[in-house]
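A quick write-up on the structure given underneath.
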Amino acid sequence: MSELPAERRMRFAPAPTGYLHLGSARTALFNWLAARSTGGTFLLRIEDTDLERSRPELVDVVFEALEWMGLDWDEPPIRQSAREDAHRAAIDDLLASGLAYWSDPVPESDRERTGGRAHDVADRDRNLGPGAGRAVRFRVDAEALGVTSVGWHDEIRGDISFDLEHIEDFVLRRADGSSTFFVANVVDDAHMRVTDVIRGEDLVNVTPKYLLLRRALGLEVADLRFAHLPLIVNERRKKLSKRRDDVSLLDYRDRGYLGEAMVNYLALLGWGPPDGQEIRVDPLHELPPLFRIEDVGESSATFDPAKLRHVDAEHIRALGSAQFLGRVRPFVEAAPWADRFRDELFAGVADEVQVRVETLAEVPDLVEFLFVEDPPVDDADWAAVSGGDAPSWLRVLADRMVDWPWRSADLHAGTTALAEELGTRLRNLQAPLRVALTGRRVGLPLFESMEVLGREECLRRVGSALGRLEADGS
RNA sequence: GCCCCCAUCGUCCAGCGGCCUAGGACGCCUCCCUUUCAAGGAGGUAACACGGGUUCGAAUCCCGUUGGGGGUGCCA
């Protein structure tokens, strides 16, 4: 009888800070990918033990962000705050077995005595017991623990180990009675039967403590694996900071990025598909078969907004027409002219819009001329095209437009022929017409825009441009 | 200071001892296409941090140097 492969369980354990950090989002994604690629289970644990930061609406932000990325989890999320009894019990066990002890804080003025430390290892043997201001610390003692170093084989970075002498007696229970991250983390991971701890490289240094604690608590460690992901850094090669970098995942949604593009790009930071095909229209389905946590790189990756934009543009272009309209809707609805927006008009230029934007947020600006009475005229553009023969050209154009068949191909042909007639080139003739109709000299293809705008409206706009010219001239 | 980690084009990813006169992608530049702008097509620019080993042979293995990052809390 062959053994069934043991179930692999990975978890994402964010603290509800009110926004999901880009780095956390990537950690969530890699955990999810690791789970989905191995038939594992993806779990969620909300680390909400910090009273101030456990407000329900802050937790919802985490769910909202994960849902935006399309990441789904397999079991009901665990609230760490609901497990405080278990955390306390673990500390009591350690206290009972002598691996933890009560410790008094050492005042700043008295630190020479302790080598600068905020605690005194002499407390280990004082059998202090509970008391005001007193914390419980773990006894990192080679003799008591029977080892002189702790190490593990990291799935991403290979063997890592720390000598016990470099690990301090860390706090398990604060003076206020609350448990620290170290205990909660270990106890809850064991409770959730987590087998794969996949997290950021900034947590490498707490892993020895994790391991020590886990063993001290008699919790199984044989099948435990760790993978520490390289950090995402900014162009200065520093860890992304809330202050100077755009780190909130959902802000990218609000700025017009597609969730799947974000997922696609994030997956490319520290990893790449073996076949080299970077753009994955449906990353959530395409990536799992290709992903292996051990293929993740070990050096930090710079977050490159330019490449993100490119990936987003590719995803936008891959959208079907109906999908595109659906995705765009929230952005046009936020425009000042939202009440005048009409699907039919938009549909007439949608394809042309789609290849010209990198984010959905750029759409309104491109189609505004269709939905406002009088598009604002860009002064520089107007100045650039309204001189010379432009006034007379526009007059002729206005005349001809009256009986041209109103289809883009005919408008194109008519304007081209007229350009020749006038002894100029189409590129020159279309420029003033474009500014007259849209207010700018760059924009969507002109004749397609005219068809959608309609003859009457085009004539009206050319007419007012002519009026403006007279005013300028007088 | 101490501990841990990292080191290929400006950036991301390939390369896991010979296939490398180092490949792909983003960016940038040039040209083509063209109703502006895009998109698309064709080119181009640009890297193995340095020094020692090991080996017939090193971007690939080892050591050191330098550089960078992370950590060093009764934060997580």
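So that the names make sense, note that chain A is the first sequence line, chain B the second, and so on, each numbered from 1. Side chains included, hydrogens not; waters and symmetry mates left out as well; all remaining heavy atoms used.
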Span that lies between the P atom of B:rG52 and that of B:rA59, in whole angstrom: 14 Å
Roughly how far apart, to the nearest Å, are B:rC29 and B:rC16 at atom P? 34 Å
Considering only atom C1', compute the distance from B:rU8 to B:rC20 and round it to an integer number of Å. 12 Å
Using a 4.0 Å heavy-atom cut-off, does A:Phe162 contact any base of the nucleic acid, only the sugar-phosphate backbone, or nothing at all? sugar-phosphate
At under 4.0 Å between heavy atoms, what does A:Val311 touch on the DNA or RNA strands: base, sugar-phosphate, or nothing? nothing
When both distances are under 3.5 Å in a Watson-Crick or G-U wobble arrangement, the nucleotide paired with B:rU72 is B:rG1
How many whole angstroms separate atom CG of A:Asp304 from atom C1' of B:rC28? 12 Å
note: A:Phe447, atom CZ; B:rU34, atom C1'; distance rounded to Å ~ 12 Å
Nearest heavy-atom neighbours spanning A:Val171 and A:Thr180: O-OG1, 2.8 Å
Might you point out which heavy atoms bring A:Gly270 and A:Ala301 nearest each other, and give the distance in Å? N-CB, 4.2 Å
Considering just the side-chain nitrogens and oxygens of A:His166, establish if one lies under 4.0 Å of OP1 or OP2 belonging to B:rC2. no
With C1' as the reference atom in both, quote the distance from B:rA58 to B:rC48 in angstrom, rounded to an integer. 11 Å
B:rU21 pairs with, by Watson-Crick or G-U criteria that keep both distances under 3.5 Å: none
Among B:rC5, B:rG70, B:rC74, which nucleotide sits nearest the side chain of A:Asp202? B:rG70
OP1 or OP2 of B:rG68 less than 4.0 angstrom from a side-chain nitrogen or oxygen of A:Lys238, does that happen here? no
Pick base, sugar-phosphate or nothing for A:Ser178, based on heavy-atom distances below 4.0 Å to the nucleic acid. nothing
Please give the distance between the P atoms of B:rC12 and B:rG69 as a whole number of Å. 14 Å
Geometric cation-pi criterion, A:Arg327 with A:Phe324: 6.0 Å, 45°: no
Once hydrogens and angles are ignored, does a donor-acceptor distance under 3.5 Å link the base of B:rC5 to the side chain of A:Arg157? no
With a 4.0 Å cutoff (strictly under), does any side-chain N or O of A:Arg427 reach OP1 or OP2 of B:rU36? yes
Please walk me through it: do A:Asn31 and A:Arg26 pass side-chain hydrogen bond (donor to acceptor under 3.5 Å, both in side chains)? CA-CA 9 Å; A:Asn31 269 284; A:Arg26 209 261 311 231; over 6 Å; no
Which part of the nucleic acid, if any, lies within reach of A:Leu172 when heavy atoms closer than 4.0 Å are counted: base, sugar-phosphate only, or nothing? nothing
Looking at B:rG10, B:rG71, B:rA76, which one has an atom nearest to any side-chain atom of A:Phe181? B:rA76
Remember a base hit wins even if backbone is also touched, and classify A:Ala431 as base, sugar-phosphate or nothing at under 4.0 Å, heavy atoms. nothing
Please tell me whether A:Tyr210 and A:Phe226 form a close aromatic pair, meaning their ring centres lie under 6.0 Å apart. yes
Sugar-phosphate only, base, or nothing, as touched by A:Gly270 at under 4.0 Å among non-hydrogen atoms: sugar-phosphate
Per nearest nucleotide of RNA chain B, the residue lying toward the 5' end, A:Pro105 or A:His310, is A:His310
Taking atom C1' in both B:rA46 and B:rC9, what distance in whole Å separates the two? 5 Å
Let's see if you can work this out: which of B:rG70, B:rC74, B:rU36 has an atom nearest to the side-chain heavy atoms of A:Lys239? B:rG70
Taking only side-chain nitrogens and oxygens of A:Thr302, does any of them come within less than 4.0 Å of OP1 or OP2 of B:rC12? yes
Distance check needed: B:rC74 P versus A:Glu108 CD, whole Å only. 12 Å
From the candidates B:rA38, B:rC12, B:rU35, the one with an atom nearest any side-chain atom of A:Leu446 is B:rU35
Counting any heavy atom closer than 4.0 Å, what does A:Arg317 reach on the DNA or RNA strands: base, sugar-phosphate only, or nothing? sugar-phosphate
Check the pair A:Leu433 / A:Met450 against side-chain contact (heavy atoms from CB on, under 4.5 Å), numbers first and verdict last. CA-CA 10 Å; A:Leu433 180 57; A:Met450 289 171 72; 4.0 Å; yes
Does the side chain of A:Leu94 reach to within under 4.5 Å of the side chain of A:Tyr101, using non-hydrogen atoms? no
Base, sugar-phosphate alone, or nothing: which one does A:Glu352 contact when heavy atoms must sit under 4.0 Å apart? nothing
Checking all strands, does A:Asp295 fall into the base, sugar-phosphate, or nothing category for heavy-atom contacts under 4.0 angstrom? sugar-phosphate
Tell me whether the count of non-hydrogen atoms from other residues, nucleotides or ligands lying under 6.0 Å of CD in A:Glu420 goes above 12. no
What I'd like to find out is whether the side chain of A:Phe181 reaches to under 4.5 Å of the side chain of A:Val206, using heavy atoms alone. yes
Pick the nucleotide of RNA chain B nearest each of A:Ser408 and A:Ala301; which residue has the one closer to the 5' end? A:Ala301
Going by purine N1 to pyrimidine N3 plus the second Watson-Crick contact, or the G-U wobble pair, all under 3.5 Å, which nucleotide sits opposite B:rG43? B:rC29
Heavy atoms under 4.0 Å, any strand shown: does A:Glu278 hit a base, just sugar-phosphate, or nothing? base
Which nucleotide in the set B:rA39, B:rC37, B:rU11 lies at the smallest distance from any side-chain heavy atom of A:Val355? B:rA39
Closest listed nucleotide, where the reference is the side chain of A:Lys307 and the choices are B:rA25, B:rU36, B:rC74: B:rA25
Mind calculating the distance between CD1 (A:Ile167) and C1' (B:rG73) to the nearest angstrom? 16 Å
If only atom types and distance count, is the side chain of A:Glu314 paired as donor or acceptor with the main-chain N or O of A:Val311 below 3.5 Å? no
Distance, C1' atom - from B:rA49 to B:rA38, rounded to whole angstrom: 40 Å
Using atom C1' of each nucleotide, how far apart are B:rU34 and B:rG41 to the nearest Å? 13 Å
Mate of B:rA7 where both pairing distances stay under 3.5 Å, Watson-Crick or G-U: B:rU66
Looking across every strand, which nucleic acid part, if any, lies under 4.0 Å from A:Leu308 by heavy atom: base, sugar-phosphate, or nothing? nothing
Considering every strand and a 4.0 Å limit on heavy-atom distances, what is the contact class for A:Ile160: base, sugar-phosphate, or nothing? sugar-phosphate
Phosphate contact (B:rC12 OP1 or OP2) by A:Arg26 side-chain N/O below 4.0 Å: no
Using atom CG of A:Leu268 as one end and atom P of B:rG24 as the other, report the distance to the nearest whole Å. 17 Å
Nearest to the side chain of A:Glu201, which nucleotide is it out of B:rU35, B:rC5, B:rC74? B:rC5
What is the separation between atom NZ on A:Lys242 and atom P on B:rC75, rounded to the nearest whole Å? 18 Å
Nearest-neighbour nucleotide for the A:Arg174 side chain, B:rU35, B:rC74, B:rG70 considered: B:rC74
Candidate nucleotides B:rU35, B:rC4, B:rA39, ranked by approach to the side chain of A:Val204 - the nearest: B:rC4
Which nucleotide wins on minimum distance to the side chain of A:His412, given the candidates B:rG10, B:rU35, B:rG69? B:rU35
